[in-house]
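Everything numeric in this text was worked out from a predicted model, so none of it was measured. Every chain is numbered from 1 and lettered A, B, ... according to where its sequence line falls, protein lines coming before strand lines.
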Number of protein chains: 2
Amino acid sequence: MTAIGFEKHDHSRCITTALSEAETRCAEQKLHLTPVRRRVLEILLQRHRAMGAYEILDLLAADGLGSQPPVAYRALDFLVQHGFAHRIERINAYTACAHPAQDHVPAFLICRGCKAVAEAETELEQGRLGAAAMATGFAIERIVVEAEGLCPACQENPE
Amino acid sequence: MTAIGFEKHDHSRCITTALSEAETRCAEQKLHLTPVRRRVLEILLQRHRAMGAYEILDLLAADGLGSQPPVAYRALDFLVQHGFAHRIERINAYTACAHPAQDHVPAFLICRGCKAVAEAETELEQGRLGAAAMATGFAIERIVVEAEGLCPACQENPE
DNA sequence: AAGCGAGATGTTATAACATATCAACCCAAA
DNA sequence: TTTGGGTTGATATGTTATAACATCTCGCTT
């Protein structure tokens, strides 16, 4: 089970690029990409799928970078807060952002087999949801769009 | 904090109606709307907001209808499975379905203040999410659309 | 009527996910 | 050099969810 956004690509390069872009952006915005935070982002980029906080924590611990839940959650909060990662509500997991830099409402395709995640973007806010919000005076602050199903690999190869 | 889908209505009547419709449908489809399941649905209809499983469990226990987590979770699973209720992923909670009967992809407006929930429907599946799924061969099984924010009442009246 | 099986529930234990709290540390600005 | 914000370390606890197994109920069959 590999599925990387469901397609092949030069992954080690994409990790390096993403990491150095993150560093650049943190420098610009005076954010601290500390060792723990950097390592968590690297882990997410390497695996390139949704990972639970405790799964990440185990890997951190193996590196001697903290072994208690708050360490992982704080790093994840930072990454999510600043758009380097997203939280996948449906499965209580986290994944690296595929389009950092620009502000967006992400939409996910989540494979329930291998936890691979593809990130699209939505034009939402129009549509009935936005209309319903308008009509009732509801102030939308955040939108979650997540589709769960099976990626091509897992359709062929159910475990 | 009352906000019932954010608007006023004759609530005791809407509970009765929804319950008897559920009974009718269960009879038709040979589903067992047992005391626990019926009571959970009634609780969700009464409160008319998203409720956690343990909150529901407390009310069940007060009625002598079971006091351990699986009792609540099983009843909720039944209700969700058969379209009488929805799970709100964003806040790990459950709410009665506002449009039972018809099959639909629900979209929610969730007030982070009072947990009131309004249910709209989406035309989704088209849009970029469906397109992305198509393009990659991903088979969508379920879609979650949830907007979090503040309802009109909580905007005026932040606690 | 006795026995069987399916579905529902009861019960215990534990897994999995998340946060509160406070102390220690680092480093840069006053 | 003191002060204060931000980060990390550490302990404890809170919250949500499920595994596993026992029991009950009721309709069906023999």
Side-chain angles (χ1 to χ4, degrees), chain A residues 22-23 26-27 29-41 43-44 50-82 84-95 110 112 115 144 146 148, chain B residues 22-23 26-27 29-41 43-44 50-82 84-95 110 112 115 144 146 148:
Chain A
E23 269 168 5
C26 283
Q29 304 182 12
K30 299 208 197 299
L31 301 174
H32 298 323
L33 190 62
T34 62
V36 175
R37 294 168 178 178
R38 192 193 142 95
R39 181 68 184 120
V40 170
L41 179 54
I43 288 169
L44 288 176
M51 300 181 71
Y54 279 70
E55 193 182 353
I56 292 166
L57 182 57
D58 286 345
L59 296 173
L60 278 184
D63 293 354
L65 278 175
S67 59
Q68 299 307 317
V71 175
Y73 281 103
R74 287 191 287 229
L76 287 167
D77 284 350
F78 171 88
L79 294 174
V80 168
Q81 191 105 32
H82 297 97
F84 299 111
H86 297 291
R87 176 180 159 82
I88 311 287
E89 301 294 340
R90 176 68 182 115
I91 55 176
N92 302 322
Y94 302 82
T95 192
I110 308 156
R112 69 171 159 76
K115 307 295 182 223
V144 173
E146 298 175 357
E148 189 178 35
Chain B
E23 270 168 5
C26 282
Q29 303 182 13
K30 299 209 196 299
L31 301 173
H32 298 325
L33 191 61
T34 62
V36 175
R37 293 169 180 178
R38 191 194 142 93
R39 181 67 183 120
V40 171
L41 179 54
I43 287 169
L44 288 175
M51 300 180 71
Y54 280 72
E55 192 182 354
I56 292 167
L57 182 58
D58 286 346
L59 297 173
L60 278 183
D63 293 354
L65 277 174
S67 58
Q68 300 308 317
V71 174
Y73 280 101
R74 288 191 286 230
L76 288 166
D77 283 349
F78 171 88
L79 294 174
V80 168
Q81 191 106 31
H82 296 98
F84 299 112
H86 297 291
R87 177 179 158 82
I88 312 288
E89 301 293 341
R90 176 67 183 118
I91 55 177
N92 301 322
Y94 301 83
T95 191
I110 308 155
R112 69 171 160 77
K115 306 297 181 220
V144 174
E146 298 174 358
E148 191 179 34

Which residues share a ring pair (Phe, Tyr, Trp, His ring centres under 6.0 Å) with A:Phe78, sequence neighbours left out: A:His82
When you measure from the side chain of B:Arg39 to the backbone of B:Leu60, do you find a donor-acceptor pair of N or O atoms at a distance under 3.5 Å? no
Could you go step by step and tell me if B:Val71 and B:Leu65 meet the side-chain contact (heavy atoms from CB on, under 4.5 Å) rule? CA-CA 8 Å; B:Val71 174; B:Leu65 277 174; over 6 Å; no
Give a yes or no on whether the backbone of A:Glu148 and the side-chain of A:Arg112 come within a donor-acceptor separation of less than 3.5 Å. no
Hey, which sits more toward the 5' end of DNA chain D by its nearest nucleotide, A:Tyr54 or A:Thr34? A:Thr34
Rounded to the nearest 0.5 Å, how far apart are OH of B:Tyr73 and CD1 of B:Ile56? 9.0 Å
Base, sugar-phosphate, or nothing: which does A:Phe78 touch, judged by heavy atoms less than 4.0 Å apart? nothing
Residue pairs involving residues 70-81 of chain A (criterion salt bridge (Lys or Arg N to Asp or Glu O under 4.0 Å); sequence neighbours excluded): none
Over all strands shown, is A:Arg74 touching base, sugar-phosphate only, or nothing at heavy-atom distances under 4.0 angstrom? base
Sequence-distant partners of B:Glu89, salt bridge (charged side-chain N to carboxylate O under 4.0 Å, His left out), two or more places apart: A:Arg90, B:Arg87, B:Arg142
Scan residues 61-69 of chain B against DNA chain D and write down, sorted by residue number, each residue with any heavy atom closer than 4.0 Å; if none is found, say none. B:Pro69
Could you tell me the boundaries of the chain B footprint on DNA chain C, defined by atoms under 4.0 Å from its heavy atoms? C:dG7 to C:dT12
Partner set under salt bridge (charged side-chain N to carboxylate O under 4.0 Å, His left out) for B:Asp58, not counting sequence neighbours: none
Of B:Pro70 and A:Arg87, the one whose closest DNA chain C nucleotide lies more 5': B:Pro70
